[in-house]
Amino acid sequence: MSCRCQTWRVAIIASLSLAAAGCSTPGSEALQAYSAGNFQSAKQQILALDPAPRDEFLILCEQGKIALDAGDPEAAARSLARASDWAERFAIYEPKTTIAEEAGSIAINQTMRTWRGTYSDRIMVDAYSVLAQFWLGNIEQAAVYANRVAERQQDAEVEQRRQIAKVEREINSWRGGAAASLVQQVQQSPKFKASRESVEALAGAAYLNPFASWIAAMAWSATGDSTQVERARVMLRRTSDMVPDNSVVAAQAAMNPFETARHRPQVLVLLDACQGMSLQPLIIPLVTPWTGFSSIPLPIPQTHACGISGAQISGGGVTVTTEALSNNDAIFQAQFDRMLPEIIFRTAVMIAVKEGATVAAAQATRRNSGAQIGVLAAMSLYKAITNQPDLRSWRSLGKFTQIAQLDRPDNDTISLSILGAGGLAGAPASIVLPPGRVVMVYVRSINPGATVVYMFSLDPSDTSGESWAVRTVRDLP
């Protein structure tokens with residue numbers, strides 16, 4: 001008996017050590033600094049991380065976006081390029097988890113699985129790669145990543161449907177118990193319903209991202225190649241269909257900014273605002289007399305408050321306001337809803353195996369009440385610690401993007417203000433534009449008090465090199 005108890009003690013200690021390593025959120029300190037608007041500190045911390053292989057794709061995504069928002073397009077481009085390669089690897093070579101990952105996710109929890117992101121995450125990797133390459137003046141390379149954006153968006157819906165069908169087959173054929181009924185039971189749980197209802201219902205495309213489509217069209221337009229320009233025109237029409245109320249995209253579908261710039265130099269403003277959805281834990285208690293304490297751990301989307309409604313730009317006697325391009329929360333929510341049955345099913349399998357092990361251990365000690373109580377207590381502790389939801393998600397993404405376009409003022413200066421949630425304009429910042437017929441003004445605003453502005457030329461005809469070196473950062477008052 002003492003040998004059996006010693007075996008359980010060793011197993012519990014080993015499992016708890018693995019659980020402690022697996023349940024922490026990678027890059028949490030860097031993300032806290034980022035959320036507070038300390039972009040430089042966040043960049044230093046996130047770039048210094050050496051993540052476990054199962055978290056590498058996630059950290060590369062965070063590194064790329066945080067470096068971009070900290071004004072370091074070189075570091076952003078490097079991390080995003082590696083992330084894009086990982087996304088390609090998952091899409092083509094390793095679409096399935098390994099046996100070791102599956103075993104770890106059952107024995108511990110879902111954080112033992114390699115984070116592969118969602119289909120929308122993989123699209124965003126290449127969308128921000130376009131922006132980083134634009135910033136560096138690599139127009140041709142920006143167009144390459146634009147091609148990847150288009151390919152990923154074209155493939156995503158088909159591949160996601162296949163994955164959903166595969167999971168449905170697994171649920172219905174699983175021999176370890178009534179997984180299908182457990183999925184439905186969890187979805188009908190009052191605690192689960194209450195948590196879901198606390199998140200505002202969001203409608204939106206699950207796969208296609210208007211921002212990604214728009215930035216890809218800008219890249220193709222910038223090349224000046226007639227075939228690419230025509231591709232851009234088609235993509236802009238599709239983007240306009242996704243955001244029919246956006247007059248900027250509608251006008252660009254008729255004549256893209258690079259065509260307009262032949263006669264009148266143009267300024268494009270891209271606003272990336274607030275913080276997008278992340279995941280929070282939902283723990284549903286599960287207590288039975290024969291297995292002790294257990295729980296059903298699930299990730300649930302949570303929204304973050306946003307005190308920004310847009311940006312106002314003035315110059316040359318004209319004032320424009322940014323218009324909605326992408327609702328990243330809606331995309332996150334739609335993607336999560338499609339993944340939810342799989343998330344519940346994987347959790348159900350993990351719970352069933354642990355409960356089965358608990359029953360077996362209790363049965364093995366049934367003639368010794370003291371030992372049985374000890375085993376149940378130990379297994380309950382083990383389950384309480386290891387039954388944690390997988391809360392990993394790309395957290396440096398904004399809540400939404402908006403765009404604006406205006407003629408470049410003769411004095412090369414614009415005024416930019418962040419609009420609060422009520423539409424009230426904050427103190428304006430005067431911004432001197434870099435050289436170029438088409439200039440991008442990238443605004444990243446966590447909140448009205450934590451905003452940076454970066455400017456760079458998208459003009460492929462400018463061979464002086466001067467505009468590519470202009471990376472002006474302005475902290476708005």
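Remember, it's a predicted structure, so these values are computed and weren't measured experimentally. Along the sequence shown, the residues carry numbers beginning at 1. Atoms considered below: every heavy atom in the structure, side chains included; atoms not considered: hydrogens, waters and symmetry mates.
Rounded to the nearest 0.5 angstrom, Thr114 OG1 and Arg392 CZ are separated by 7.5 Å. To the nearest 0.5 Å, atoms OG (Ser79) and CD (Glu74) are separated by 12.0 Å. In this structure, OG1 in Thr321 is found 7.0 Å from CD1 in Ile313, a value given to the nearest 0.5 Å. Separation of atoms CG (Leu47) and CD1 (Ile66) is listed at 8.5 Å; rounding is to 0.5 Å. Of the inter-residue distances, the one linking Asn138 atom CG with Ser129 atom OG reads 11.5 Å to the nearest 0.5 angstrom. Rounding to the nearest 0.5 angstrom, the gap separating the OH atom in Tyr34 from the CZ atom in Arg444 is 3.5 Å.
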(message) Does Leu279 form a side-chain contact (heavy atoms from CB on, under 4.5 Å) with Phe332? I'd like the steps, not just the answer.
(response) CA-CA 10 Å; Leu279 297 172; Phe332 187 104; 3.8 Å; yes
(request) Please assess Phe134 against Ile139 for the test side-chain contact (heavy atoms from CB on, under 4.5 Å), listing each intermediate value before the final yes or no. (result) CA-CA 6 Å; Phe134 255 153; Ile139 302 300; 3.7 Å; yes
(request) Could you check Asp85 against Arg89 for salt bridge (Lys or Arg N to Asp or Glu O under 4.0 Å), going step by step and ending with a plain yes or no? (result) CA-CA 6 Å; Asp85 290 342; Arg89 168 180 163 183; over 6 Å; no
(request) Take Leu236 and Asn256 through the side-chain contact (heavy atoms from CB on, under 4.5 Å) test and state the conclusion after the steps. (result) CA-CA 9 Å; Leu236 284 169; Asn256 75 53; 4.2 Å; yes
(request) In sequence, state the C-alpha distance, the side-chain angles, and the governing distance for Ile403 and Leu268, and then conclude on side-chain contact (heavy atoms from CB on, under 4.5 Å). (result) CA-CA 7 Å; Ile403 57 171; Leu268 301 176; over 6 Å; no
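A salt bridge links Lys65 with Asp69: at least one charged nitrogen is closer than 4.0 Å to a carboxylate oxygen. Remark: Asp390 does not engage Arg113 in a salt bridge, criterion side-chain N to carboxylate O under 4.0 Å. One finds no salt bridge joining Asp241 and Arg237 here, because no Lys/Arg side-chain nitrogen approaches an Asp/Glu carboxylate oxygen to under 4.0 Å.
Scanning all heavy atoms of the two residues, the minimum distance from Gln153 to Asn209 falls at OE1-N, 2.7 Å.
If you check the side chains of Ser393 and Ser278, you find no donor sitting under 3.5 Å from an acceptor. Remark: the Ser396 side chain and the Glu62 side chain contain an N/O donor-acceptor pair separated by less than 3.5 Å. Arg148 and Ser84 share a donor-acceptor pair across their side chains, judged by distance under 3.5 Å alone. At a cut-off of 3.5 Å, with distance as the only test, a side-chain donor of Asp337 or Gln333 sits close to an acceptor on the other residue.
Residues Met242 and Val249 form no side-chain contact, since every pair of their non-hydrogen atoms from C-beta on lies 4.5 Å or further apart. Using a 4.5 Å cut-off on side-chain heavy atoms (C-beta onward), Met455 and Val267 make no contact. Looking at heavy atoms from C-beta onward, Trp220 lies in side-chain contact with Asn147 at the 4.5 angstrom threshold. Within the 4.5 Å cutoff, side-chain heavy atoms of Thr239 are placed close to those of Leu325.
The number of heavy-atom neighbours closer than 6.0 Å to CD of Glu230, taken from other residues, nucleotides and ligands shown, is above 12. Within a 6.0 Å radius of CZ in Arg82, other residues, nucleotides and ligands contribute 12 heavy atoms or fewer. Open room surrounds CG on Asp410; 12 or fewer heavy atoms of other groups in view lie less than 6.0 Å from it.
Ring geometry for Trp86 against Phe57 counts as parallel: the plane angle stays under 30°, on a 0 to 90° scale with 60° as the upper cut. Between Tyr442 and Trp135, the angle of the ring planes goes over 60°, which puts this pair in the perpendicular group of the 30/60° scheme. Between Tyr128 and Phe211, the two ring planes are tilted [angle within 30° to 60°].
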